[in-house]
J.: 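Have a look at this one.
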There are 2 protein chains.
Amino acid sequence: MEDEHIIKKTALARKLGAFVDLSGAELSVLEGLHKQRRTFVAGCDLVRQGQSGQSAYILLSGWACAYKTLVSGQRQIVNFQIPGDFLGLRSVLLKLSDHSVEPVSDIEVTEVLLTDLLTAFTQTPRLATAIFWAVSRDEAMIVEHLVDIGRRNAAERMAHFLLELGARLSLVGMGSKEGYACPLSQYMLADALGLSSIHINRVLRQLREAGMVTFRNGFVAFQDYDQLVEFAEFDPVYLDQTRPLLPLQAAGKVHRTHGLASRPSIWRAHSN
Amino acid sequence: MEDEHIIKKTALARKLGAFVDLSGAELSVLEGLHKQRRTFVAGCDLVRQGQSGQSAYILLSGWACAYKTLVSGQRQIVNFQIPGDFLGLRSVLLKLSDHSVEPVSDIEVTEVLLTDLLTAFTQTPRLATAIFWAVSRDEAMIVEHLVDIGRRNAAERMAHFLLELGARLSLVGMGSKEGYACPLSQYMLADALGLSSIHINRVLRQLREAGMVTFRNGFVAFQDYDQLVEFAEFDPVYLDQTRPLLPLQAAGKVHRTHGLASRPSIWRAHSN
DNA sequence: CGTCGGCTTGAAGACCTTCAAATCAGGTGG
DNA sequence: CCACCTGATTTGAAGGTCTTCAAGCCGACG
């Protein structure tokens, strides 16, 4: 149990460690943020859209997702959280939470209080910076998700999504270039990617038959990682993981995008 | 000129004032964040995707947008900024900026330094909270944008978008329930809403002929505000403006969503 | 052994895109 | 002053991507 505790702590610390090396003192302040430990069952919301006074959590084990529902009953999954991620952080400052958070599998979390967070910021500036970085990175992932849905077709979208998850999981030691365990159903993928579950199924088959990636029995297996990266135009800069966590051969190629934004805007005009 | 300066300052202060009443001392710290004042011409990027060491700004006048470009040359506009909004805040903590920021019209900004921001946080906790709120609200808008693109059809998406802009502009005194001046071209709307510019045109006509809203000659005119709100399922909670800034008759109706998320998850299962 | 949730497949149709081209307003130079 | 040019808007027609409807399959579980 104590041993397990140490392992859990590593997820967030390891993630933040990718940004700054944290001292022992900073690590113990980080540890101090973890208050009450709680468990939630899959499908039972932690945070509810439209309610006030929600609290934030740090995810220790399992997967969760943030989503919004429309009056029509449709829902859109905004992002998925894996161990080491914050849950519901945005909703603590809004009078009413703008979204819900639901465990995908059974999860363990620790509650984190806004006041503790604010005092920690004044005490340990480097930790504060690291947490700001984590929040910015979360936002960058939502933005990339927006690009996914707005400008990529179903297959590219799926490919990009699976690659991003792989990269994130690798950072906390839960995945590799080979693949990872993934508890998501095709219905969840549909709600996340803005597609119908039927089309999700077809797209997965398409990627499998193309020999790029297989998603079956709760496991994502990359068959041709590099081809998939090229197909999805996956450029992990927005994940801000300096040293390529997956030792990519294609590292040089992957970064070809960087100069692109400095093209004169003529290049973009009237593109659609 | 000095008079103009006071007016500009009000945009951010007025926005934050919607969340907490700021004291004179806090307002002067806020004022102290404004460093060098700069001007940018429409179409000339302030922040460039893939570059490092970017700075953040506060927008004083004019409109800007944040966007990402794909290697295929397509682009996705993530959000639009109006006076009182931060520009490029997310990119200051990431080693490489994940997005670009471009002025839609000629704009005036003040640069804001990360170090100033951090020290201001330790000095004036209430101001810190107000700025966290503003950042959370910006994120909530991006999330709602994600829902727009993922789960609403073209007409609903456009309607929702125009209503959100109206609500935001009203908060800084640049719009009302009647309408507002809007410098966006149909190409920009297309890049923002994940549609083709041709379809944008058709959808605008559709909404105009339905008697709900007219967008012509750089001006958005709401013809039937309430009908548009209902059509778009526009629920401004995520903008977190407690007192309804536009005095809606439909206020009671608009908030009917709140209880929705507490439905058992059976209601959502297999919805698509 | 029957049922239930999740996955798979087919066929028809809706929504949106692409291609193509016309109109219109503003600005520029002859 | 007017012809010309450029960029933004508008409209039509054909086609593709994805959705919806419908139904069969499979493994898990009581």
Side-chain angles (χ1 to χ4, degrees), chain A residues 42-43 70 72-76 104-105 148-159 161 182-209 213-220 231 264-272, chain B residues 42-43 70 72-76 104-105 148-159 161 181-210 213-220 231 264-272:
Chain A
L70 304 184
S72 55
Q74 293 193 113
R75 76 164 177 172
Q76 175 67 49
V104 171
S105 56
D148 259 359
I149 295 182
R151 287 293 173 218
R152 283 189 248 262
N153 67 31
E156 293 166 351
R157 205 181 295 181
M158 175 68 78
F161 174 80
C182 177
L184 304 177
S185 71
Q186 294 187 357
Y187 293 103
M188 288 201 175
L189 290 173
D191 282 344
L193 299 180
L195 298 167
S196 68
S197 62
I198 291 154
H199 203 58
I200 291 289
N201 187 282
R202 288 194 235 273
V203 164
L204 284 176
R205 177 170 52 157
Q206 198 177 317
L207 292 176
R208 191 189 330 124
E209 288 175 353
V213 60
T214 300
F215 184 0
R216 269 187 165 157
N217 304 118
F219 200 87
V220 174
F231 175 73
S265 54
I266 292 107
W267 283 90
R268 291 189 316 267
H270 290 216
S271 60
N272 40 10
Chain B
L70 305 183
S72 55
Q74 293 192 114
R75 78 165 176 170
Q76 174 67 49
V104 171
S105 55
D148 259 0
I149 295 182
R151 287 291 172 219
R152 283 189 248 263
N153 67 30
E156 292 166 352
R157 205 181 296 182
M158 174 69 79
F161 174 80
C182 177
L184 305 177
S185 71
Q186 295 188 356
Y187 292 105
M188 287 199 176
L189 290 174
D191 282 344
L193 299 180
L195 298 166
S196 69
S197 63
I198 290 154
H199 203 60
I200 290 289
N201 187 282
R202 286 193 236 275
V203 164
L204 284 176
R205 178 171 51 157
Q206 196 177 318
L207 292 176
R208 192 188 330 124
E209 288 174 353
V213 59
T214 300
F215 184 1
R216 267 187 167 156
N217 304 117
F219 200 87
V220 174
F231 175 74
S265 55
I266 293 104
W267 284 90
R268 291 189 316 269
H270 290 215
S271 61
N272 41 12

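Atom set for the values below is all heavy atoms of this structure, side chains included, hydrogens, waters and symmetry mates excluded.
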J.: Distance check needed: D:dG7 C1' versus B:Leu189 CG, whole Å only.
T.: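 Rounded to whole Å, this separation is 16 Å.
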J.: Not counting sequence neighbours, which residues clear ring-ring contact (aromatic ring centres under 6.0 Å, His included) with A:Phe231? List them please.
T.: none
J.: Tell me, which stems hold DNA chain D, with a stem being 3 or more Watson-Crick or G-U pairs in a row and both distances under 3.5 Å?
T.: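 Stems for DNA chain D, defined as runs of 3 or more consecutive pairs: C:1-30 with D:1-30.
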J.: For residues A:Gln76 and A:Asp191, report the shortest heavy-atom separation together with the two atoms involved.
T.: NE2-O, 3.2 Å
J.: In whole Å, what is the span from the CD atom of A:Glu156 to the C1' atom of D:dT17?
T.: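 It works out to 12 Å between those atoms.
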J.: Show the nearest heavy-atom pair for residues B:Arg151 and A:Arg75, with the distance to one decimal.
T.: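 Nearest pair, atom of B:Arg151 first, then A:Arg75: NE-O, 3.0 Å.
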J.: Give the C-alpha distance, both sets of side-chain angles, the deciding distance and a yes or no for side-chain contact (heavy atoms from CB on, under 4.5 Å) between B:Arg216 and B:Arg208.
T.: CA-CA 10 Å; B:Arg216 267 187 167 156; B:Arg208 192 188 330 124; 3.4 Å; yes
J.: At less than 4.0 Å, is any side-chain N or O atom of A:Arg205 found next to OP1 or OP2 of C:dT8? Yes or no.
T.: no
J.: Between atom CD in A:Gln206 and atom P in C:dT9, what is the gap in whole Å?
T.: 13 Å
J.: What integer distance in Å separates A:Asn217:CG from C:dT8:C1'?
T.: 14 Å
J.: Nearest whole angstrom, please: distance from the C1' of D:dG7 to the CE of B:Met188.
T.: 13 Å
J.: Check side-chain hydrogen bond (donor to acceptor under 3.5 Å, both in side chains) between B:Thr214 and all other residues, then give those that pass, not counting sequence neighbours.
T.: B:Gln223
J.: The side chain of A:Arg216 lies closest to which of these nucleotides: C:dT8, D:dT9, C:dG6?
T.: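 Of the candidates, C:dT8 comes closest.
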J.: Go through the steps for B:Ile200 and B:Phe215 under the test side-chain contact (heavy atoms from CB on, under 4.5 Å), then give the verdict.
T.: CA-CA 11 Å; B:Ile200 290 289; B:Phe215 184 1; over 6 Å; no
J.: Can you name the residues that form a side chain to side chain contact (heavy atoms under 4.5 Å, CB included) with A:Asn153, not counting sequence neighbours?
T.: A:Ala155, A:Glu156
J.: Between B:Val203 and B:Ala154, what is the shortest heavy-atom contact and its length?
T.: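 Taking every non-hydrogen atom into account, CG2-CB, 3.6 Å.
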J.: At their closest point, which heavy atom of A:Leu193 faces which heavy atom of A:Arg157, and how far apart are they?
T.: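 Closest pair (atom of A:Leu193, atom of A:Arg157, distance): O-NH1, 2.6 Å.
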J.: Of all heavy-atom pairs between A:Ala192 and A:Ile149, which one has the smallest distance, and what is that distance?
T.: O-CD1, 3.7 Å
J.: Identify each atom pair where a protein N or O and an N or O of nucleotides 23-29 of chain D are less than 3.5 Å apart, giving names and distance.
T.:
none

J.: Ignoring backbone atoms, test whether B:Asn201 places a side-chain nitrogen or oxygen under 4.0 Å from the OP1 or OP2 oxygen of D:dT10.
T.: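 For B:Asn201, the contact criterion (side-chain N or O under 4.0 Å from OP1 or OP2 of D:dT10) is met.
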J.: Check whether any side-chain nitrogen or oxygen of A:Gln186 sits under 4.0 Å from OP1 or OP2 of C:dT8, and answer yes or no.
T.: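 It does, given that an N or O in the side chain of A:Gln186 lies less than 4.0 Å from OP1 or OP2 of C:dT8.
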J.: If I compare all heavy atoms of B:Ser196 with all of B:Ala190, which pair ends up nearest, and what's the gap?
T.: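 Distance-wise, the nearest heavy atoms are C-CB, 3.8 Å.
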J.: Can you tell me how far P of C:dT8 sits from CD of A:Glu209, to the nearest Å?
T.: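 Rounded to whole Å, this separation is 11 Å.
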J.: For nucleotides 12-17 of chain C, list the nitrogen or oxygen atoms of the protein found under 3.5 Å from its nitrogen or oxygen atoms, one pair per line.
T.:
from	atom 1	to	atom 2	distance (Å)
C:dC16	OP1	B:Ala154	N	2.9
C:dC16	OP2	B:His199	NE2	3.4
C:dT17	OP1	B:Ser196	N	2.9
C:dT17	OP2	B:Ser196	N	3.1
C:dT17	OP2	B:Ser196	OG	2.9

